[in-house]
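Inspection log for the structure reproduced underneath, given as structure tokens.
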Amino acid sequence: MDGCAANPAPRKIMPGATIGVLGGGQLGRMLAHAGGRMGYRFVTLDPTPDSPCGQTARQIVARYDDREAARELARLADVITYEFENVDAGVAAMLEAESYVPQGSGLLFTTQHRLREKRALEAAGARVAPYAEIRSLAELQEAVARLGLPAVLKTATGGYDGKGQWVLREPSDVGPAWAEASRTGAELVLEQFIRFAKELSVIAARRPSGEIRTFPPAENVHVRNILHLSIVPARISDAVRLEAEQLALSIAESLGVVGLIAVEMFLAEDGTLYVNELAPRPHNSGHYTMDACRTSQFEQHIRAICDLPLGDTSLLTPVVMVNVLGEHMKRLMAWLPDADPEAARLGVEPKLHLYGKAEAKKGRKMGHLNVLAPHADAALAWISQSEIWRTEEA
Ligand SMILES: Nc1ncnc2c1ncn2[C@@H]1O[C@H](COP(=O)(O)OP(=O)(O)O)[C@@H](O)[C@H]1O
Ligand SMILES: [Mg+2]
């Protein structure tokens with residue numbers, strides 16, 4: 001796979017065609033729901049039988065690095081997309097050779113690796129947290145001396161939901177973090193810890209022709225490194241909102257994105273925006289668009305890869321998206337059947353989305369609620385009084 005691989009010549013993919021999705025998780029499921037409504041068929045490749053996407057599409061049950069299975073996906077599909085970034089390089093090359101992959105593999109190659117991603121972001125004119133490539137304990141010590149503490153040591157590949165990360169607060173954290181991190185065998189990067197006022201994300205969609213649109217910025221709250229809330233409209237100034245949108249636009253243009261790109265950002269206390277990371281796919285912080293925007297991120301992705309005109313991304317109502325993890329499922333199910341006078345009193349409408357996952361493991365994303373409200377504060381008030389997200393420890 002070549003880092004600067006050009007995107008293939010664009011084709012129009014019309015309803016009735018089959019869209020192949022590498023990965024059968026919830027993002028694939030919601031893509032299939034949005035595209036199915038427009039008349040597309042779906043086939044997914046995922047190792048787990050009856051995957052979230054497989055429940056709404058035809059499924060090939062196989063490992064992601066199974067070349068024969070990828071060939072079968074290419075044979076069945078008119079166009080291929082993916083719902084996660086860790087696509088095996090050999091599989092990506094095979095799909096590009098035997099099918100139509102409008103997103104290309106260049107962007108995947110970039111976003112699969114934090115160092116490549118940071119260099120591409122810098123080339124696009126975006127600011128990233130000061131960082132250093134780490135290949136030895138000596139390099140780590142040198143980087144800590146240069147960047148200061150606190151800092152975050154991350155694996156360059158394979159991390160998600162805070163996995164593959166070690167926060168260094170004191171000099172005595174350096175040795176143990178190096179011991180654990182070096183054991184992963186992955187390349188490592190040290191980042192200065194940004195004392196952010198808020199975390200934001202902006203999702204942009206771009207068509208092969210260059211048409212491009214952004215969704216309204218989301219203000220994101222993580223708990224234990226897993227996204228908990230996306231608050232929209234984000235509680236930021238108009239100037240920051242505009243800058244965040246412009247940043248996403250320029251990154252999407254500079255990287256020649258086709259389809260969606262999610263741009264995660266830190267807003268520092270002094271108003272500076274740093275780009276944290278990119279995801280070349282639908283993003284958890286864009287789930288609010290399903291009920292609160294004229295066009296959802298999933299529909300927009302389908303439109304972009306099929307080379308149809310992009311939809312209007314206007315926000316129809318304030319909203320807070322709140323994730324439902326495995327540990328919340330029991331209380332969610334207890335809440336669901338009864339009327340909720342508090343929701344009525346606050347004027348909020350919680351819209352339920354569940355992903356069809358069998359096992360409710362702790363920390364596993366099982367679904368989300370889009371809490372529509374007259375003002376984001378009312379949605380936040382409803383969430384904080386709800387039993388569903390009550391923490392056991394509290
Ligand atoms: N350099 C940093 N400064 C401050 N917080 C950080 C930094 N890097 C990561 N974090 C925190 O950890 C979260 C997860 O890190 P991220 O790099 O986005 O990895 P993941 O792939 O797990 O989403 C971020 O959303 C942020 O809350
Ligand atoms: Mg992240």
Side-chain angles (χ1 to χ4, degrees), residues 23 25-27 83-87 108 110-122 126-134 140 143-144 146-170 173-174 177 180-181 184 186-203 217-231 234 244 247-248 251 260-287 297 321 323 325 363-365 368:
Q26 62 266 22
L27 302 178
E83 59 128 43
F84 61 98
E85 47 269 67
N86 293 315
V87 178
L108 265 181
T110 302
T111 56
Q112 276 173 350
H113 194 288
R114 288 190 192 275
L115 285 162
R116 288 199 289 263
E117 183 172 273
K118 287 179 193 302
R119 289 177 194 127
L121 283 166
E122 288 173 317
R127 192 182 278 101
V128 297
Y131 68 95
E133 183 176 356
I134 305 296
L140 177 58
V144 165
R146 187 162 58 84
L147 301 178
L149 292 178
V152 193
L153 184 63
K154 300 182 181 180
T155 57
T157 54
Y160 68 97
D161 287 346
K163 293 183 174 63
Q165 294 193 17
W166 296 265
V167 178
L168 312 182
R169 296 181 196 284
E170 296 165 31
D173 293 336
V174 172
E180 274 191 42
T184 64
E187 289 175 61
L188 300 170
V189 52
L190 186 76
E191 289 175 25
Q192 195 174 80
F193 191 90
I194 304 297
R195 290 176 207 278
F196 53 78
K198 287 181 191 304
E199 288 195 81
L200 304 175
S201 58
V202 177
I203 296 171
E219 174 183 341
N220 300 319
V221 178
H222 292 82
V223 173
R224 285 181 283 274
N225 277 315
I226 303 177
L227 183 66
H228 174 46
L229 304 174
S230 291
I231 303 163
L247 192 52
I251 289 167
L260 295 181
I261 183 101
V263 183
E264 295 182 14
M265 307 173 192
F266 300 134
L267 174 62
E269 296 285 358
D270 67 1
T272 309
L273 282 175
Y274 293 85
V275 175
N276 172 32
E277 60 169 355
L278 303 176
R281 53 164 172 79
H283 193 264
N284 195 166
S285 70
H287 292 355
Q297 63 166 343
M321 190 285 317
N323 267 336
L325 305 180
R364 185 176 207 197
K365 290 174 180 171
H368 66 272

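Counting from 1, the numbers follow the sequence of the chain as shown. Atoms within a ligand are numbered from 1 in the order they appear, just like the ligands themselves. All values reported here derive from a predicted model rather than from experimental measurement.
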Heavy atoms only: give me the nearest [X]-[Y] pair and the separation to one decimal.
{"X": "Arg114", "Y": "Thr155", "answer": "NE-O, 3.3 Å"}
{"X": "Thr272", "Y": "Arg127", "answer": "CG2-NH1, 3.1 Å"}
{"X": "Met265", "Y": "Ala248", "answer": "CE-N, 4.5 Å"}

Q: Decide whether an N or O pair under 3.5 Å exists between Lys163 and ligand 1.
A: no
Q.
Would Ile194 count as a polar contact of ligand 1, with the cut-off being nitrogen or oxygen pairs under 3.5 Å?
A.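 Yes, there is a polar N/O contact under 3.5 Å.
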Q. With respect to Glu133, which candidate in Arg119, Arg116, Lys154 satisfies the salt bridge (charged side-chain N to carboxylate O under 4.0 Å, His left out) definition?
A.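 That would be Arg119.
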Which option, [options], owns the non-hydrogen atom nearest [atom]?
{"atom": "atom 7 (C) of ligand 1", "options": "Phe266, Tyr131, Phe193", "value": "Phe266"}
{"atom": "atom 1 (N) of ligand 1", "options": "Met265, Gln192, Glu277", "value": "Gln192"}
{"atom": "atom 26 (C) of ligand 1", "options": "Glu199, His222, Arg195", "value": "Glu199"}

Of all the atoms in ligand 1, which lie at a distance below 4.0 Å from a heavy atom belonging to [X]?
{"X": "Glu191", "value": "1 (N), 2 (C), 8 (N)"}
{"X": "Lys154", "value": "8 (N), 9 (C), 16 (P), 17 (O)"}
{"X": "Glu264", "value": "18 (O)"}
{"X": "Asp161", "value": "20 (P), 22 (O)"}

Q. side-chain contact (heavy atoms from CB on, under 4.5 Å) with Ile134: which of Val189, Leu115, Leu153?
A. Leu153
Q: Return the name of the atom in Glu264, of element N, O or S, nearest to the Mg ion (ligand 2).
A: OE1
(Q) Suppose we only allow N, O or S atoms; which atom of Glu277 ends up nearest to the Mg ion (ligand 2)? (A)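 Of all N, O or S atoms in Glu277, the Mg ion (ligand 2) lies closest to OE2.
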Identity and separation of the nearest protein heavy atom to [atom]:
{"atom": "atom 19 (O) of ligand 1", "result": "Gln165 NE2, 2.9 Å"}
{"atom": "atom 22 (O) of ligand 1", "result": "Gly162 N, 2.5 Å"}
{"atom": "atom 5 (N) of ligand 1", "result": "Phe196 CE2, 3.5 Å"}

(Q) Counting only heavy atoms closer than 4.0 Å, does ligand 1 sit against the backbone of Asn225, its side chain, both, or neither? (A) side chain
Q: Determine whether the side chain, the backbone, both or neither of Arg114 has a heavy atom under 4.0 Å from any heavy atom of ligand 1.
A: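 Contact part for Arg114 vs ligand 1: side chain (C-beta onward).
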(Q) Side chains of Glu122 and Tyr131 only: does a donor on one sit below 3.5 Å from an acceptor on the other? (A) yes
Q.
Between His283 and Glu264, do the side chains contain a donor N or O and an acceptor N or O under 3.5 Å apart?
A. yes
(Q) Quick check: do Pro150 and Arg195 have side-chain heavy atoms less than 4.5 Å from each other? (A)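 Yes; the side chains approach each other to less than 4.5 Å.
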Q) Among all residues two or more places apart in sequence or in another chain, which pass the ring pair (Phe, Tyr, Trp, His ring centres under 6.0 Å) test with Phe196? A) Phe266
Q) NE2 of His222 to CD of Glu199: how many Å apart, nearest 0.5 Å? A)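 Rounded to the nearest 0.5 Å, the NE2-CD separation comes out at 5.0 Å.
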